[in-house]
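Taking it in order: structure first as structure tokens, then the write-up.
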There are 2 protein chains.
Amino acid sequence: MFIGNISYLSFMKSKNTPAEPTKSELEILQVLWKCGPSTVRFVNDQLNEEKREVNYTSTLKLMQIMFEKGLVDRDDSQMKHVYTAAVEEKKMKAMLLDKFVETLYDGSASTLMMQLLGNKKTSKKELEAIREILKKLDQ
Amino acid sequence: MFIGNISYLSFMKSKNTPAEPTKSELEILQVLWKCGPSTVRFVNDQLNEEKREVNYTSTLKLMQIMFEKGLVDRDDSQMKHVYTAAVEEKKMKAMLLDKFVETLYDGSASTLMMQLLGNKKTSKKELEAIREILKKLDQ
DNA sequence: TTGTTCCTACGAAAAATTTCCTAACTTTTA
DNA sequence: TAAAAGTTAGGAAATTTTTCGTAGGAACAA
């Protein structure tokens with residue numbers, strides 16, 4: 001029997017609600033988002049250059065786990081497997097932002113804004129950029 | 001010999017750069033921020049009502065650890081110890097926000113804003129509030 | 001007093017996350 | 001060809017975080 005529509009299985013883990021990455025997993029995702037499909041070797045080199053010293057097999061293991069979780073896809077037709085982020089950067093970051101706002105600011109974006117604007121590190125340039133965004137929203 | 005100025009010790013952990021709380025520790029801090037000085041019993045009840053089922057001694061242990069880390073202060077002159085957040089809500093949240101923006105948006109507040117504004121969950125009311133904030137910044 | 005309930009301290013188990021060692025195989029180099 | 005270097009898989013150790021059991025007192029009620 002052929003079942004064409006399997007949407008009733010949508011409660012299962014899927015790309016709609018991807019597993020939440022751990023800190024280390026997020027670091028790896030960032031590399032994949034920034035640099036595109038990469039080998040373990042490349043990702044590991046990036047981490048060592050930009051983040052911290054980490055053994056090759058540690059990165060390998062982590063990426064294998066991420067594959068099992070569905071956080072990355074992988075092309076293993078060649079010896080050097082090529083990994084790709086399986087979750088869109090925007091979607092994932094939106095998800096993390098949502099959760100962040102929820103836990104810290106009770107879901108209130110404007111409260112977060114006030115924190116952000118009261119923060120020394122938010123420069124005048126940033127402020128200008130934010131005004132621009134709001135302006136464009138008007139149009 | 002009396003040493004009046006110990007500012008050269010400022011690299012040590014202090015309230016300036018408080019230890020980063022874990023997820024569970026943050027939950028407890030939120031209760032203390034919201035409700036003020038509290039006993040373990042009270043915090044535990046709050047968590048069970050508002051968050052998730054958790055055993056009393058688990059909460060106790062966690063709060064003891066937080067005391068060692070300097071995340072909370074405690075008055076143990078009475079049998080029922082009374083705990084207080086040792087870090088200001090605003091400071092801690094600002095710190096967490098900073099780190100969040102740093103790791104996810106390369107430190108760019110305006111990039112975060114765009115995500116936030118592109119988000120369905122940011123209602124019109126929120127937008128209005130944000131505009132108000134910016135207006136007041138002008139004055 | 002005596003038993004019940006509540007409290008803290010402490011240690012350890014359990015769970016989650018991160019790290020790395022080893023084996024087996026492939027590719028490259030000499 | 002043979003050694004060296006690179007790659008994956010798998011397991012297990014190490015670390016961090018979370019949970020809870022137990023013991024020993026203190027407060028309280030009968």
Side-chain angles (χ1 to χ4, degrees), chain A residues 13 18-32 37-84 86-87 92 96 99 103, chain B residues 13 18-32 37-84 86-87 92 96 99 103:
Chain A
K13 266 181 190 167
E20 187 163 322
T22 67
K23 264 181 206 172
S24 303
E25 290 172 345
L26 185 57
E27 281 182 353
I28 290 174
L29 278 180
Q30 306 253 36
V31 173
L32 293 179
S38 312
T39 62
V40 175
R41 174 65 59 190
F42 179 82
V43 171
N44 186 246
D45 287 349
Q46 288 289 309
L47 292 181
N48 276 285
E49 281 170 30
E50 302 192 353
K51 296 278 181 177
R52 66 215 156 74
E53 197 169 333
V54 55
N55 190 297
Y56 174 83
T57 52
S58 301
T59 304
L60 170 65
K61 182 65 168 187
L62 220 30
M63 292 176 76
Q64 286 171 339
I65 291 173
M66 291 171 76
F67 176 65
E68 284 168 14
K69 285 190 188 177
L71 283 172
V72 296
D73 291 328
R74 137 179 115 178
D75 173 355
D76 56 2
S77 62
Q78 306 300 124
M79 182 192 176
K80 302 183 184 183
H81 298 180
V82 174
Y83 287 78
T84 317
V87 288
M92 177 56 82
L96 295 175
K99 203 190 156 191
T103 52
Chain B
K13 265 179 192 171
E20 187 163 323
T22 66
K23 262 180 208 173
S24 303
E25 289 172 346
L26 186 57
E27 281 181 354
I28 290 174
L29 278 179
Q30 307 252 38
V31 173
L32 293 179
S38 312
T39 62
V40 176
R41 175 64 59 191
F42 179 81
V43 171
N44 187 246
D45 287 349
Q46 288 290 310
L47 292 181
N48 277 286
E49 282 171 28
E50 302 192 353
K51 296 278 180 176
R52 67 215 156 72
E53 197 170 333
V54 57
N55 191 297
Y56 175 82
T57 54
S58 301
T59 303
L60 169 66
K61 180 67 170 186
L62 221 29
M63 292 177 77
Q64 287 171 339
I65 291 173
M66 292 171 75
F67 176 66
E68 286 168 14
K69 285 190 188 177
L71 283 172
V72 297
D73 292 327
R74 136 178 117 177
D75 173 356
D76 56 2
S77 62
Q78 305 301 124
M79 182 192 175
K80 302 184 185 183
H81 298 181
V82 175
Y83 287 79
T84 318
V87 288
M92 176 57 82
L96 296 175
K99 204 190 155 194
T103 52

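Hydrogens, waters and symmetry mates are skipped; everything else that's a heavy atom, side chains included, is used. Within every chain, numbering begins at 1; the chains are lettered A, B, ... in the order of the sequence lines, protein sequences first and strands thereafter.
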Between CD1 of B/Ile28 and C1' of D/dT17 the distance, given in whole Å, is 12 Å
Hey, does the side chain of A/Thr57 reach the backbone of A/Leu60 with a donor-acceptor pair shorter than 3.5 angstrom? no
Output yes when a side-chain donor or acceptor of A/Gln46 lies under 3.5 Å from a complementary backbone atom of A/Val43, and no otherwise. no
Would a distance-only check, ignoring hydrogens and angles, find a side-chain to backbone donor-acceptor pair under 3.5 Å from B/Asp73 to B/Ala86? no
When the rotation axes relating C1' atoms of four end pairs to the next four are compared across the helix from C/dT1-D/dA30 to C/dA30-D/dT1, five pairs an end, they differ to 10° by 10°
Can you check the A/Leu26 CG to C/dT17 P distance for me, whole Å? 13 Å
Of the candidate nucleotides C/dT18, C/dC20, D/dC20, which contains the atom at the shortest distance from the side chain of A/Ser58? C/dC20
Between CG of B/Leu62 and P of D/dT19 the distance, given in whole Å, is 7 Å
Round to the nearest Å and state the distance from A/Glu53 atom CD to C/dT18 atom P. 18 Å
Does the A/Asn44 side chain pair with the main chain of A/Val40, one donor and one acceptor, at a distance under 3.5 Å? no
From CZ of A/Arg52 over to C1' of D/dT15, roughly how many Å is that when rounded to an integer? 13 Å
From D/dT19, D/dC20, C/dC20, nucleotide with atom closest to A/Asn55 side chain: C/dC20
Measuring only between side-chain heavy atoms, which start at C-beta, is A/Tyr83 closer than 4.5 Å to A/Gln64? yes
Taking every heavy atom of B/Met66 against every heavy atom of B/Leu29, the minimum-distance pair comes out as CE-CG, 3.7 Å
Could you go step by step and tell me if B/Leu32 and B/Ser38 meet the side chain to side chain contact (heavy atoms under 4.5 Å, CB included) rule? CA-CA 7 Å; B/Leu32 293 179; B/Ser38 312; 3.9 Å; yes
Between C1' on C/dA9 and CD on B/Glu68, what's the gap in Å once rounded to a whole number? 11 Å
Please report, rounded to the nearest Å, how far the P atom of D/dT16 is from the CD1 atom of B/Ile65. 13 Å
I need a per-nucleotide contact map over nucleotides 3-14 of chain D, read 5' to 3'. Cutoff is protein heavy atoms under 4.0 Å; write B for the base, S for backbone only, - otherwise. ---BSBBBB---
Smallest heavy-atom separation, B/Gln30 atom then A/Thr103 atom, equals NE2-O, 2.8 Å
Donor-acceptor pair, A/Glu20 side chain versus A/Leu96 backbone, under 3.5 Å? no
How many Å lie between CZ on B/Phe42 and C1' on C/dC7, as a whole number? 18 Å
